[in-house]
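Presented below is the structure to which this report refers.
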There are 2 protein chains.
Amino acid sequence: MRIGVVAPARSIRHEGSARMAALLALTYPAHDIVFHPQCYLEEGHFAGSDDVRANAFLEFANDPGFDAIWFARGGYGSNRILTRVMPRLGPAANHKTYMGFSDMGFLLGALYARRIGNVCHGPMASSLGMNDAGESTGWALGWMIERDRRALEPSLADGRPAVAFNLAILSAMIGTPWLPDLTDHILMIEEVGEPLYRIDRMLSQMAHATQLKGIAGVRLGTISDVVPNTPAFAETPEQMILRWCAEMRVPYLGRAQIGHVEQNRVVPFGVA
Amino acid sequence: MRIGVVAPARSIRHEGSARMAALLALTYPAHDIVFHPQCYLEEGHFAGSDDVRANAFLEFANDPGFDAIWFARGGYGSNRILTRVMPRLGPAANHKTYMGFSDMGFLLGALYARRIGNVCHGPMASSLGMNDAGESTGWALGWMIERDRRALEPSLADGRPAVAFNLAILSAMIGTPWLPDLTDHILMIEEVGEPLYRIDRMLSQMAHATQLKGIAGVRLGTISDVVPNTPAFAETPEQMILRWCAEMRVPYLGRAQIGHVEQNRVVPFGVA
């Protein structure tokens, strides 16, 4: 297969892509990875202007020569290209796997809402050597290339449809047309670098969101790098999610192996 | 008139309430202010448990002896009492003015959505001596007690219906039943203590929110205490809001004198 990498938010460095290309050559030598030159651009906060990032994504997504689009890196910015890219995806975009997480949730959600491609929450093309010593990236490749089920978040074995999002990105999609219909889905969430009171506020939006009334249950991924705040919040993330799930009248189903951490398993959207 | 003060989020200190009572005695000696004892409670992050805060609000809002409910302080937490208080507001709650801002936006929005009372974005009962040397608090009292129009945000002179929110609180209400129908309203927003990329993300949610399609225009209050982040965001808040208003196809109408700053004018929800 041929994997195309683009960067809808922040840029990556050549060391990162070289490392990933080397891992692919070692583990799956029959397959190719192509990093779009846009991945290395830097324009303020972003890997190129909104137009440049949108065009790079469209170029690769609409190219029948690619089997998968692997997002390079998160940060902030994929929401800014949604109105540019979503109406311009052609037939070739349908037959691809899309993988990434964190800020990429905007694109994953918008693609899944329109049933374009096989959308997966999973490690990024620049995760290797950052969050990951190779195991998570290996899962990403294993899933993209040969649908290796050992890559999957373990609870998916029950066969129910699922999605996974960074909680801040999920919150920012609520009330917009980019959030897919998640009726009967298990919703997995993870978070990084937030104080607990903000996590509680985001959970409150999740619990009260009209669009999420029909979800089948919630799983909690890793909440990492919590930012301390004063006065300390008296609850743990698990206590918080239990309380909000009760208010939402949706079962809390336990933990999930996703997050901005080494154990970031693959969660294909829908039935895996 | 008799003003009742409750604290749906964080607590205040006795010095703060004494200062406010003294100002009222000096400026409007014929009127009374009553601080609910709940205002001084401290339980973790909050001025008492969710039940205690909800009950204090209900006690004063449902008491025909009060003409106005003035919120004591923001922080975080008023969203946690919404499901407890909103179904239990009786007839006496309808004939009151409600004033506050920041985290209190959850309550202001939920009250306005149900057309309960006269809802106003304005200084808090503990602002005096914090953000404010007396001018803003004077506007709050002037509006509550004698509908003194000198208190109002100047653009309201045009007679169009308006609302005002902290941007983070507005974002957290989008997609929930707490956000009022804002068709034909001018929407004023303000923010404090956020990095610019997050402000951009919140504006993106505002611009794409299905519920906000019918608003008449947007005004930008003060964006204060911006948190630096790397790499620097290349746009100013005004450039950002111009770009998102264009995407939203809603006019940007200029600045508004609201915010976590000294010049925090009163914005009654609806027509002032």
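Numbers restart at 1 for each chain; the letters A, B, ... are given by sequence-line order, proteins then strands.
- Only the side chain of B/Glu235 comes within contact range of chain A, judged by heavy atoms closer than 4.5 Å.
- Dense packing is recorded around CZ of A/Arg115, with more than 12 heavy atoms of other residues, nucleotides or ligands lying under 6.0 Å away.
- Looking at B/Tyr76, only its side chain comes within 4.5 Å of chain A, counting heavy atoms on both sides.
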Item to check | Working for ring pair (Phe, Tyr, Trp, His ring centres under 6.0 Å), residues A/Phe233 and B/Phe46 | outcome: CA-CA 9 Å; A/Phe233 209 79; B/Phe46 306 106; 5.7 Å; yes
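- Residue contact with chain A, scored on non-hydrogen atoms closer than 4.5 Å, involves the side chain of B/Glu247 exclusively.
- Note that CE of B/Met206 is 13.5 Å distant from OG1 of A/Thr176, once rounded to the nearest 0.5 Å.
- Using a 4.5 Å heavy-atom cutoff, the side chains of A/Trp244 and B/Arg80 are in contact.
- Side-chain contact between A/Gln205 and B/Asn79: absent, with no pair of heavy atoms (C-beta onward) separated by less than 4.5 Å.
- Contact count against chain B (heavy-atom pairs under 4.5 Å) is highest for A/Arg198 among A/Arg198, A/Glu42, A/Met202.
- Of the listed residues (A/Ala234, A/Ala209, A/Ala207), the greatest number of heavy-atom pairs within a distance under 4.5 Å of chain B belongs to A/Ala209.
- Looking only at heavy-atom pairs under 4.5 Å with chain A, the residue among B/Ile169, B/Leu196, B/Thr210 that has the most is B/Thr210.
- Looking at B/Leu82, neither its backbone nor its side chain comes within 4.5 Å of chain A, counting heavy atoms on both sides.
- One distance of note links CD1 of A/Ile174 with CD of B/Gln211; it measures 11.0 Å at 0.5 Å rounding.
- Distance NE2/A/His208 to CG/B/Leu179: 14.0 Å, rounded to 0.5 Å.
- For B/Ala232, the part sitting under 4.5 Å from any heavy atom of chain A is the backbone (N, CA, C, O) and nothing else.
- Options B/Gly175, B/Pro177, B/Ser204 differ in how many heavy-atom pairs under 4.5 Å they form with chain A, and the most are formed by B/Gly175.
- B/Asp200 touches chain A through backbone and side chain together, each having a heavy atom under 4.5 Å away.
- Highest contact tally toward chain B, considering only A/Gly44, A/Gly77, A/Ala168, is held by A/Gly44 [criterion: heavy-atom pairs under 4.5 Å].
- Closest approach of B/Ala172 and A/Arg201 over heavy atoms only: CB-CG, 4.2 Å.
- Residue contact with chain B, scored on non-hydrogen atoms closer than 4.5 Å, involves the backbone of A/Ser171 exclusively.
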